[in-house]
Amino acid sequence: MHTGRILVVDDEEKMRNVIKIYLTNEGYRIEEASNGKEALDKINNDQFDLILLDVMMPEIDGWTVCRKIREESLIPVILLTARGEEYDKIFGFDLGADDYLTKPFSLKEMAVRIRAVLRRNQNFNKVLKKNISLGALEIQGMYKQVLLENQELSLTPKEYELLYFFAKNPQIVYSREQLLNQVWGYDFTGDIRTVDTHIKQLREKMGDYKKYIQTVWGTGYKLKIGD
């Protein structure tokens with residue numbers, strides 16, 4: 001049995017009920033919200049361990065809710081949507097979502113992903129207070145802040161976690177599959193180009209220091225500081 005409080009946000013009552021019954025049997029405590037406004041009200045007035053968030057909703061859509069959550073919190077968010085295009089997934093990750101489930105999905109897969117996201121979040125938080133300094137790069141773990149030459153970078157949570165993982169393991173080459181497993185938190189079965197997209201975005205934000213993240217052709221990526 002698992003523990004934790006999960007907020008299920010979906011405008012379809014039948015979908016909420018099915019998810020609630022399944023996750024309650026798994027041991028989670030479930031709260032519900034039928035639209036984005038109700039979800040934000042509950043998030044602002046209560047504490048949750050994870051948000052299951054439908055994208056297409058009335059009043060306030062899931063994209064907006066996810067963005068507003070990330071302005072205040074790093075609580076894990078899994079997006080639920082009938083839209084499975086790669087652009088939508090990348091857009092969701094860029095907003096700070098931790099994972100993405102395309103409807104229709106199996107309840108068993110949902111539960112596996114929830115466990116993986118919660119486990120990764122717990123493990124990651126254990127080392128958040130550790131500061132890392134490598135060349136011009138400084139990561140202040142307590143504040144989840146990244147500085148390059150004392151200038152703060154504006155990173156999404158996933159970009160931050162990816163860079164933090166590289167900084168903890170400099171010089172080591174990781175394949176895309178390994179990065180998905182270590183940073184996304186489970187054996188990813190989707191498109192591994194997700195890693196390439198996040199690497200590209202991270203490099204763009206690092207400007208002249210994008211060379212820190214090196215491509216090892218035919219293998220993957222590594223963080224290398226200096227010659």
Find the distance between CD (Gln182) and CD (Glu161) and round it off to the nearest 0.5 Å.
12.0 Å
Would you list the pairs meeting salt bridge (charged side-chain N to carboxylate O under 4.0 Å, His left out) in which at least one residue belongs to residues 199-210, sequence neighbours left out?
Glu159-Lys205
Considering non-hydrogen atoms only, spot the tightest contact between Ser133 and Glu138 and give its length.
OG-CG, 3.8 Å
Heavy-atom pair of closest approach, residues Leu7 and Ala39:
CD2-O, 4.0 Å
Quick check for you: to the nearest 0.5 Å, what is the distance between Ile60 atom CD1 and Lys37 atom NZ?
7.5 Å
Using only atom types and a distance under 3.5 Å, with no angle test, would you say the side chain of Tyr212 pairs donor to acceptor with the backbone of Lys222?
no
Between Gln140 and Tyr160 the two heavy atoms that sit nearest each other are O-OH, 4.2 Å
For Ile213 and Met206, work out which heavy atoms get closest and say how close.
CD1-SD, 3.8 Å
Are any of the side-chain heavy atoms of Ile172 and Phe166 separated by less than 4.5 Å?
no
Does the side chain of Lys20 come within less than 4.5 Å of Val8's, by heavy atoms?
no
Just so I know, are the side chains of Ile139 and Asn131 near enough to count as touching, which here means a heavy-atom distance under 4.5 Å?
no
Flag for Glu149-Tyr209: side-chain donor and acceptor within less than 3.5 Å
yes
Between Asp98 and Arg119 (salt bridge meaning N to carboxylate O under 4.0 Å), is one present in this structure?
no
Any chance CD of Gln171 has more than 12 other-residue heavy atoms, nucleotides or ligands included, within less than 6.0 Å?
yes
Which one of Asn25, Ile21, Ile19 satisfies the side-chain contact (heavy atoms from CB on, under 4.5 Å) criterion with Leu23?
Ile19
Kindly indicate whether the side chain of Asp46, heavy atoms from C-beta on, has any atom under 4.5 Å from the side chain of Arg5.
yes
Please tell me whether Leu147 and Leu134 are part of a single hydrophobic cluster in this structure, the criterion being side-chain heavy atoms less than 4.5 Å apart.
no
Please round to the nearest 0.5 Å and tell me the distance separating atom CD of Glu31 and atom CD1 of Ile43.
11.5 Å
Got Arg176 and Asp196 here, is their nearest side-chain heavy-atom distance under 4.5 Å?
yes
How many angstroms lie between OG1 in Thr102 and CD in Glu109, if you round to the nearest 0.5 Å?
8.5 Å
Do NZ/NE/NH1/NH2 and the carboxylate oxygens of Lys103 and Asp10 come within less than 4.0 Å?
yes
Tell me yes or no: between the side chains of Asp49 and Tyr28, is some donor less than 3.5 Å from an acceptor?
no
Grab the two heavy atoms, one from Asp41 and one from Asn45, that are nearest each other, plus how far apart they are.
O-ND2, 2.6 Å
Could you check whether any side-chain heavy atom of Leu153 comes within less than 4.5 Å of a side-chain heavy atom of Leu148, counting everything from C-beta outward?
yes
Carboxylate-amine/guanidinium proximity below 4.0 Å for Lys42 and Glu32
no
Working for side-chain contact (heavy atoms from CB on, under 4.5 Å), residues Ser34 and Arg16
CA-CA 8 Å; Ser34 60; Arg16 296 198 310 273; 3.5 Å; yes
ring-ring contact (aromatic ring centres under 6.0 Å, His included) pairs, two or more places apart, involving residues 55-77:
Trp63-Phe91
Is there a side-chain contact between Ile132 and Lys168 in this structure, where contact means two heavy atoms from C-beta onward sitting under 4.5 Å apart?
yes
Going by chain and number, the hydrophobic cluster around Val173 (ILVMFWY, side chain to side chain under 4.5 Å) further includes Val216
Using the benzene-type ring in the case of Trp, are the ring centres of Tyr174 and Phe165 under 6.0 Å apart?
yes
Interatomic distance, Asn169 atom CG to Gln178 atom CD [nearest 0.5 angstrom]
10.5 Å
Measure the CD1-CG distance between Ile78 and Leu53 for me, rounded to the nearest 0.5 Å.
10.5 Å
Have a look at Asp99 and tell me which of Arg115, Lys158, Arg113 forms a salt bridge (charged side-chain N to carboxylate O under 4.0 Å, His left out) with it.
Arg113
For Asn35 versus Pro58, what's the shortest heavy-atom pair and its separation?
CB-O, 3.9 Å
Could you go through the side-chain contact (heavy atoms from CB on, under 4.5 Å) check for Val9 and Val65 one step at a time?
CA-CA 10 Å; Val9 187; Val65 173; over 6 Å; no
Would a 4.5 Å heavy-atom cut-off, applied to side chains only, mark Ile6 and Ile114 as touching?
yes
Taking it one step at a time, do Cys66 and Val77 satisfy side-chain contact (heavy atoms from CB on, under 4.5 Å)?
CA-CA 7 Å; Cys66 185; Val77 175; 4.3 Å; yes
